[in-house]
Asks: 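I am attaching a structure below and will ask some questions about it afterwards.
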There are 2 protein chains.
Amino acid sequence: MTIKVIIVDDQAMVRAGFAALLAAQSDIDVVGEAPDGREGVEVSRRSHPDVVLMDVRMPEMDGLEAARQLLDPPRGVTHRPKVLMLTTFDVDDYVYEALRAGASGFLLKDAPPADLISAVRVVAAGEALLAPSVTRRLIADFARQRPAPRRDGPALRRSGLTPRETEVLELIARGLSNQEIAESLVLAEQTVKTHIGRVLAKLGLRDRAQAVIFAYESGLVTPGQ
Amino acid sequence: MTIKVIIVDDQAMVRAGFAALLAAQSDIDVVGEAPDGREGVEVSRRSHPDVVLMDVRMPEMDGLEAARQLLDPPRGVTHRPKVLMLTTFDVDDYVYEALRAGASGFLLKDAPPADLISAVRVVAAGEALLAPSVTRRLIADFARQRPAPRRDGPALRRSGLTPRETEVLELIARGLSNQEIAESLVLAEQTVKTHIGRVLAKLGLRDRAQAVIFAYESGLVTPGQ
DNA sequence: CATACGATGAGCCGCATGGGTGATGTGCTG
DNA sequence: CAGCACATCACCCATGCGGCTCATCGTATG
């Protein structure tokens with residue numbers, strides 16, 4: 001079973017190079033190419049590739065928007081390829097946007113050819129792969145944003161919340177309903193309600209909306225940055 | 001300039017295998033070994049390696065705790081190696097703990113030898129590298145925890161909220177009830193409910209708690225005064 | 001051993017909240 | 001002037017949510 005790939009890049013030379021490189025592999029077929037995001041989406045809808053190699057910067061429609069459309073397809077479109085983003089410069093905005101959109105990988109164009117080939121196989125297999133510099137940033141971001149969720153914040157410390165109550169509060173602040181919190185923590189919904197009742201009482205809050213505010217203001221959760 | 005590596009694993013056979021594999025590389029020197037985390041930390045402090053290959057599961061002190069000690073050294077210890085975690089099973093708790101501790105990579109022991117070698121070079125260079133399955137999970141986690149609406153302006157601007165609706169959203173994010181919002185804006189409560197209904201529909205939110213989250217994540221309101 | 005606290009969960013009750021439909025007035029724009 | 005977006009408000013309805021009470025169980029803590 002060969003891996004069907006399409007290449008979306010505005011530079012014809014780049015497309016030709018990648019196509020030659022990949023087509024030389026016995027388990028990879030290049031079944032299409034496109035010079036911009038809009039056409040890339042069309043080609044993908046037509047040829048149903050397993051993997052889409054997508055440049056970030058392109059005219060008409062950039063790679064990020066194209067990736068979003070492929071990964072969050074409209075009603076009726078069932079095909080959902082893996083998207084492997086490519087870029088010349090590793091600008092982090094691109095990376096984060098791409099990963100949010102659901103891309104399976106992010107490589108720099110100056111990566112060794114062998115890396116590109118193995119990357120195609122990896123994402124075709126449902127796994128994911130990032131350029132080392134991107135990995136480093138993602139890890140740094142991950143570690144920074146929750147070095148073991150900060151249970152500090154003056155208001156929070158003096159609040160007298162138990163660990164479990166704090167946990168429930170955090171899920172409230174992530175927008176979950178009582179039922180969802182119960183499922184997430186493997187509890188009866190009634191237990192969740194009890195916890196929430198205590199949280200609201202201890203913090204002097206009226207409802208979950210105010211609880212969300214408290215969670216943000218106390219630093220229990222932080223706006224994504 | 002060769003890369004100095006130590007190998008920490010409780011299985012002598014694994015140590016021997018990795019050592020042989022790495023020592024065969026002209027740019028890599030294996031300068032030490034240890035059978036558990038405690039000794040691993042000692043050996044690292046003595047031999048100042050560039051990279052520590054660290055098994056997760058070990059007697060005495062597991063790889064996670066050892067990694068923490070190496071990556072967050074006590075006063076007086078200036079040496080801070082890169083840590084590349086190794087595991088047989090990819091249990092995510094381990095992964096997250098290791099990444100929080102500041103590890104530069106996480107590989108499965110069944111990875112191809114070439115991957116291990118290149119991983120050592122990558123982390124020695126200050127970059128990071130994860131096993132594809134780990135990468136996939138990290139990305140999924142990343143995307144899940146901040147999916148759609150975010151980033152001060154764009155999400156808000158593209159949301160299509162009218163000025164009045166935005167005003168109501170802000171008051172929701174201040175913790176006011178519908179009745180209080182109505183009083184604050186000199187409206188009937190029913191009008192407030194209509195506005196809120198439209199806000200929720202336009203933003204794809206379920207309830208006012210999620211609306212509060214959106215307000216914070218979009219920058220409409222910010223923590224701290 | 002007695003006590004206290006935390007976690008779990010049940011039952012009941014009332015209201016704020018959210019969804020849907022529809023109507024009116026106003027101001028801007030083609 | 002016709003059309004449209006926006007703001008305003010009414011009525012109905014189902015229910016998620018929060019308040020209140022009470023009970024069980026395990027683990028510290030004295």
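Below, chains carry the letters A, B, ... as their sequence lines are ordered, and counting in each starts from 1. All of these numbers come straight from a predicted model, not from anything done at the bench. The analysis underlying the following values was restricted to heavy atoms, covering all of them including side chains, and did not include hydrogens, waters or symmetry mates.
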Asks: Tell me which nucleotide among D:dT8, D:dG18, C:dG19 gets nearest to the side chain of B:T194.
Replies: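 Of the options given, the side chain of B:T194 lies nearest D:dT8.
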Asks: Could you tell me how the ring of A:Y216 sits relative to the ring of B:Y216: parallel (under 30°), tilted (30 to 60°) or perpendicular (over 60°)?
Replies: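 Aromatic pair A:Y216/B:Y216 classed parallel.
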Asks: Taking OP1 and OP2 of C:dT17, is either one under 4.0 Å from a side-chain nitrogen or oxygen of B:N178?
Replies: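 Answer yes for this pair, as a side-chain N or O of B:N178 is under 4.0 Å from OP1 or OP2.
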Asks: Separation of B:I181 atom CD1 from D:dC9 atom C1', in whole Å?
Replies: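 It is 16 Å, rounded to the nearest whole Å.
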Asks: Starting at atom CD of A:Q190, determine the distance to atom P of D:dC20, rounded to an integer number of angstrom.
Replies: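 The answer, rounded to whole Å, is 14 Å.
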Asks: Check B:E170 with B:R174, please: is the shortest side-chain N to carboxylate O separation under 4.0 Å?
Replies: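 B:E170 and B:R174: salt-bridged.
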Asks: Looking at A:I196, is its backbone amide N or carbonyl O close enough to the side chain of A:R208 to form a donor-acceptor pair, meaning the two atoms are under 3.5 Å apart?
Replies: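 No; judged by distance alone, with no hydrogens or angles, the pair does not exist.
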Asks: So which nucleotide from D:dT8, C:dG9, D:dC12 ends up closest to the side chain of B:R198?
Replies: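 Per side-chain heavy atoms of B:R198, the pick is D:dT8.
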Asks: Roughly how many Å is it from CG in B:L187 to C1' in D:dC6, rounded to a whole number?
Replies: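 Roughly 13 Å, once rounded to whole Å.
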Asks: Start at the 5' end of DNA chain C and walk down; is the nucleotide closest to B:Q179 or to A:T162 reached first?
Replies: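 Result of the comparison: A:T162.
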Asks: Nearest to the side chain of B:K193, heavy atoms from C-beta on, is which of C:dG9, C:dG18, D:dC12?
Replies: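 Nearest to the side chain of B:K193 among the choices is C:dG18.
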Asks: Is any side-chain nitrogen or oxygen of B:R206 closer than 4.0 Å to OP1 or OP2 of C:dG18?
Replies: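 Checking B:R206 against C:dG18: no side-chain N or O falls below 4.0 Å of OP1 or OP2.
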Asks: Describe the nucleic acid contact of B:S177 in one word from base, sugar-phosphate, nothing, applying a heavy-atom distance below 4.0 Å.
Replies: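 Sugar-phosphate only.
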Asks: Grab the CD-P distance between B:E165 and D:dT8 for me, whole Å please.
Replies: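 Going from CD in B:E165 over to P in D:dT8 covers 10 Å.
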Asks: Whole-Å distance between C:dG6 C1' and A:L169 CG?
Replies: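 The answer, rounded to whole Å, is 17 Å.
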Asks: Between C:dG18, D:dT8, D:dC20, which nucleotide gets closest to the side-chain atoms of B:T191?
Replies: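 It is D:dT8.
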Asks: Check the distance between D:dG16's P and A:L176's CG and give it to me in whole angstrom.
Replies: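 Atom CG in A:L176 sits about 15 Å away from atom P in D:dG16.
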Asks: Any ion pair linking A:E42 and A:R38 (charged N to carboxylate O, less than 4.0 Å)?
Replies: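 Yes, this pair counts.
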Asks: 5'-most contact on DNA chain D: B:D207 or B:R164, nearest heavy atom basis?
Replies: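 Its nearest nucleotide being more 5', the pick is B:R164.
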Asks: Specify the separation, in whole Å, of atom CG of A:L185 and atom P of C:dG6.
Replies: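 Taking atom P of C:dG6 as the reference, CG of A:L185 is at 18 Å.
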Asks: Round to a whole Å and report the spacing from CD of B:E167 to C1' of D:dC6.
Replies: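 About 13 Å, once rounded to whole Å.
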Asks: Confirm from the modelled atom types if B:E189 and D:dC9 form a donor-acceptor pair under 3.5 Å, side chain to base only.
Replies: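 Result: no qualifying N/O pair found.
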Asks: Roughly how far, to the nearest 0.5 Å, is the CD atom of B:Q11 from the NZ atom of B:K109?
Replies: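 If we round to the nearest 0.5 Å, B:K109:NZ and B:Q11:CD are 5.0 Å apart.
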